[in-house]
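Throughout, protein chains are lettered first and strands after them, A, B, ... in sequence-line order, and every chain is numbered starting at 1.
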Protein chains: 2
Amino acid sequence: MPPRMIDVARRANVALSTVSYAINGQRAVSEETRRRIRQAMDELGYQPNALARGLASKHTNILALLFPTPERGLGVTEMEFVVGAADAAREHGYHLVLSPSELRNVRDLEQLTGQGLIDGALVMEVRIDDDRVQLLEQAGVPFSMIGRTSDPGRIDYADIDFEQTTRDAVGHLVELGHRCIGFLNHSPSAFSVGYGPTVRASEGFRRAAATADVVHVERLCGDNAAAGQAAFHEMRAAQPDITALIVMNERAIVGVMDALDEIGWRVPDDLSIVSMVSSTRVTEMMRPKLTTLEPPSTQLGRLGIQMLLDQIDGGAGERAPVQELLPCRLVIGASSGPPPAR
Amino acid sequence: MPPRMIDVARRANVALSTVSYAINGQRAVSEETRRRIRQAMDELGYQPNALARGLASKHTNILALLFPTPERGLGVTEMEFVVGAADAAREHGYHLVLSPSELRNVRDLEQLTGQGLIDGALVMEVRIDDDRVQLLEQAGVPFSMIGRTSDPGRIDYADIDFEQTTRDAVGHLVELGHRCIGFLNHSPSAFSVGYGPTVRASEGFRRAAATADVVHVERLCGDNAAAGQAAFHEMRAAQPDITALIVMNERAIVGVMDALDEIGWRVPDDLSIVSMVSSTRVTEMMRPKLTTLEPPSTQLGRLGIQMLLDQIDGGAGERAPVQELLPCRLVIGASSGPPPAR
DNA sequence: GCTCCCAGTCGAAGCGCTTCGACTGTGGCA
DNA sequence: TGCCACAGTCGAAGCGCTTCGACTGGGAGC
């Protein structure tokens, strides 16, 4: 029912193949012919059939976005990745299919790559040691990652620079005068499965604190208020002099606030709080409005797609892998200030 | 390079077409033959090529998810839609392509449907009067909506039951003893473009309040703290007796809290707050933990896909349209209580 | 004046599948 | 005993494109 290429060809009085060449420029077509073809296409409202094109040409203009849904659930930051990626893909004439593959369902991934549907994949929520990476490699599917494995080798990735980000967080607090800083990280399970941000922020914090020569203490903490509350009390028991807290666990923060109420502490007078890798969209809803290191989520999503397309369009040539670490942006809110004079 | 159907056929000593029939059951195949074919497929690790299949059969097993990115940005609730839809699609053997079409880019939509890539579309963020609906109709693409237009006709949709939800919100407050209730809605621009939830919640609130015979006042309010703060002061000026507030605007809430601080009011002692259509994921991060009417987001996403598939697989037959309104779940937090005895 | 080359065009052969019509052999039934 | 129906199988014709090899007619080069 929709017009086909042959209809365009007939109307423009040329061969089918000439229309094809006019459309994708694989061979020269004279200006006059091209004009007639364009006109015919317009008149018929012609749109090339994506499947036929893909079948014949071996590339589909479809990319997959692999996002597992972690126990933690997906938040604003992840949504921003997705939107960034989807926008970037569309701008380049690609479609993005969403593949909510659980890690356990390696089968799903095989199915996706085996069907010949996708030209490449963007892998989200990468773990330090991620099954999907091997799978994609041996399937020969071009891919890039948001996040990175412990040894990314020559795989393209874009990730948050946790080293820099923790340094910035610690730096901000040190500048304000803090000398004893706590770090509340994600859950023990996130750490033990090797979720990248959890592991890297942990290392980064330790190093940054050591470099700045401040007393520090870290805790892993379940993603809920109760865990946050308990964790803070434990931390304070370990380091009674604590005057500032870096939190990379949005859902634990409210628990910390509860804990502070219990001991009559106020933010930022008695304790400064800096949220790490939280969207301002979230921190602005908290009271006091939190100081945060906001992740460049949309940009990461776009970058991920960009890298992938470079890889695909770039063709076979040996390229240097693109591996970028992006910093978070320090957005100062009302939750950080000078330490109390205790 | 990957095995093709002909390879399977040769290995199982049958015709190509027999393999096809064995796979999708369009014709009877003997048990013995089927066994041999299955074995050959396993040995070769065969996976049908999705494009070839689609080209020949006229359906692709791909659905599109149409989500415009509103000025307001996409939040947790929207993410949950998306995940629900993606999961449901995968469970049924479909892929989901993300189409972040701006409403203005009607061209993008035409391109998507014209390419023959998708079997159907799920439309998110539907407005009272939505261009995309006409476009999809005239393109002959099966689709269903999350949300609904003013006159959905025979189009399938799943939406939140705003009538019921506002009634529940008002009911909860009335039960607590409140007699003067405010409603803080989304922005004037959301209202004027006819964003469904904004419009319907407005009507619902007015009706519910009238039925319950309580004094009520409503304001549209920009999606930010400053607007919320100003709006609350205005509301109180209009109705000094206000003792409870229903808010369907997550980002304005913190502004309301600021306003309360200014006049020395506390929640819920002086003012009860109920958040409408907010994920508990969000309300649990607020202090006090907000009472909310939590939307069945994931379920809506799944339902949307389900309806779409019924429509597609159901075939040509005249079905009754599936039009479902789902209630939100009242989750009582610490932000609502009896009115003060002023 | 002849060859050579190349821009520009055409026809045809696939890409890997679905599906149609045709063919075979068996069993039920009169 | 003969006929028909039908389960089970096969070959071939597309689906709507891309791409390859081949063909044509000028200009450029000598």
request  = For A/Ser30, answer base if it contacts any base atom (sugar-phosphate contacts may also be present), sugar-phosphate if it contacts only those atoms, and nothing otherwise; contact means non-hydrogen atoms under 4.0 Å.
outcome  =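 Touches sugar-phosphate only.
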inquiry  = Over all strands shown, is A/Ser17 touching base, sugar-phosphate only, or nothing at heavy-atom distances under 4.0 angstrom?
reply    =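 Base contact.
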Take the protein atom [atom1] of [X] and the nucleotide atom [atom2] of [N], then report the distance between them rounded to whole Å.
X: B/Leu55; N: D/dT18; atom1: CG; atom2: C1'; answer: 12 Å
X: B/Arg10; N: D/dG11; atom1: CZ; atom2: P; answer: 12 Å
X: B/Glu31; N: D/dA7; atom1: CD; atom2: P; answer: 16 Å
X: A/Leu16; N: D/dT18; atom1: CG; atom2: C1'; answer: 9 Å
X: B/Met5; N: C/dG16; atom1: CE; atom2: C1'; answer: 8 Å
X: A/Ile37; N: C/dT9; atom1: CD1; atom2: P; answer: 8 Å
X: B/Met41; N: C/dC17; atom1: CE; atom2: C1'; answer: 14 Å
X: A/Met1; N: D/dC15; atom1: CE; atom2: P; answer: 15 Å

request  = Look at the side chain of B/Tyr21 against the base of C/dC20 and say whether a donor-acceptor pair falls under 3.5 Å; ignore hydrogens and angles.
outcome  =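 In this structure, the two groups form a donor-acceptor pair.
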request  = May I ask you to verify whether the side chain of A/Arg27 and the base of D/dG21 hold a donor-acceptor pair under 3.5 Å?
outcome  =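 Such a pair is found, so the answer is yes.
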ask   = From the list C/dG11, D/dT18, D/dC15, which nucleotide is the closest neighbour of the side chain of A/Ser57?
value =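 Of all the options, the side chain of A/Ser57 is nearest to D/dT18.
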ask   = From C/dG16, C/dT18, D/dT18, pick the nucleotide closest to the side chain of A/Arg53?
value =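 When the side chain of A/Arg53 is considered, D/dT18 is the closest of C/dG16, C/dT18, D/dT18.
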inquiry  = Return whichever of B/Val14 or A/Gln26 has its heavy-atom-nearest nucleotide of DNA chain D closer to the 5' end.
reply    =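 With B/Val14 and A/Gln26 compared, the 5'-side residue is B/Val14.
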Tell me if a side-chain donor or acceptor on [X] pairs with a main-chain N or O of [Y] at a distance below 3.5 Å.
X: A/Ser57; Y: A/Arg53; value: yes
X: A/Asn49; Y: B/Gly116; value: no
X: A/Gln47; Y: B/Gln111; value: yes

Would you say [X] reaches [N]'s phosphate, i.e. side-chain N/O to OP1/OP2 under 4.0 Å?
X: A/Thr18; N: C/dC10; value: yes
X: B/Lys58; N: D/dG16; value: yes
X: B/Thr33; N: D/dT9; value: yes
X: A/Asn24; N: D/dT18; value: yes

key: Taking every non-hydrogen atom, the tightest pair across A/Leu300 and A/Ile146   =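 Minimum heavy-atom separation between A/Leu300 and A/Ile146: O-CD1, 3.7 Å.
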task = Give, for atom CG of A/Leu117 and atom NE2 of A/His95, the distance between the pair rounded to the nearest 0.5 Å.
result =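 Output value for this atom pair is 11.0 Å.
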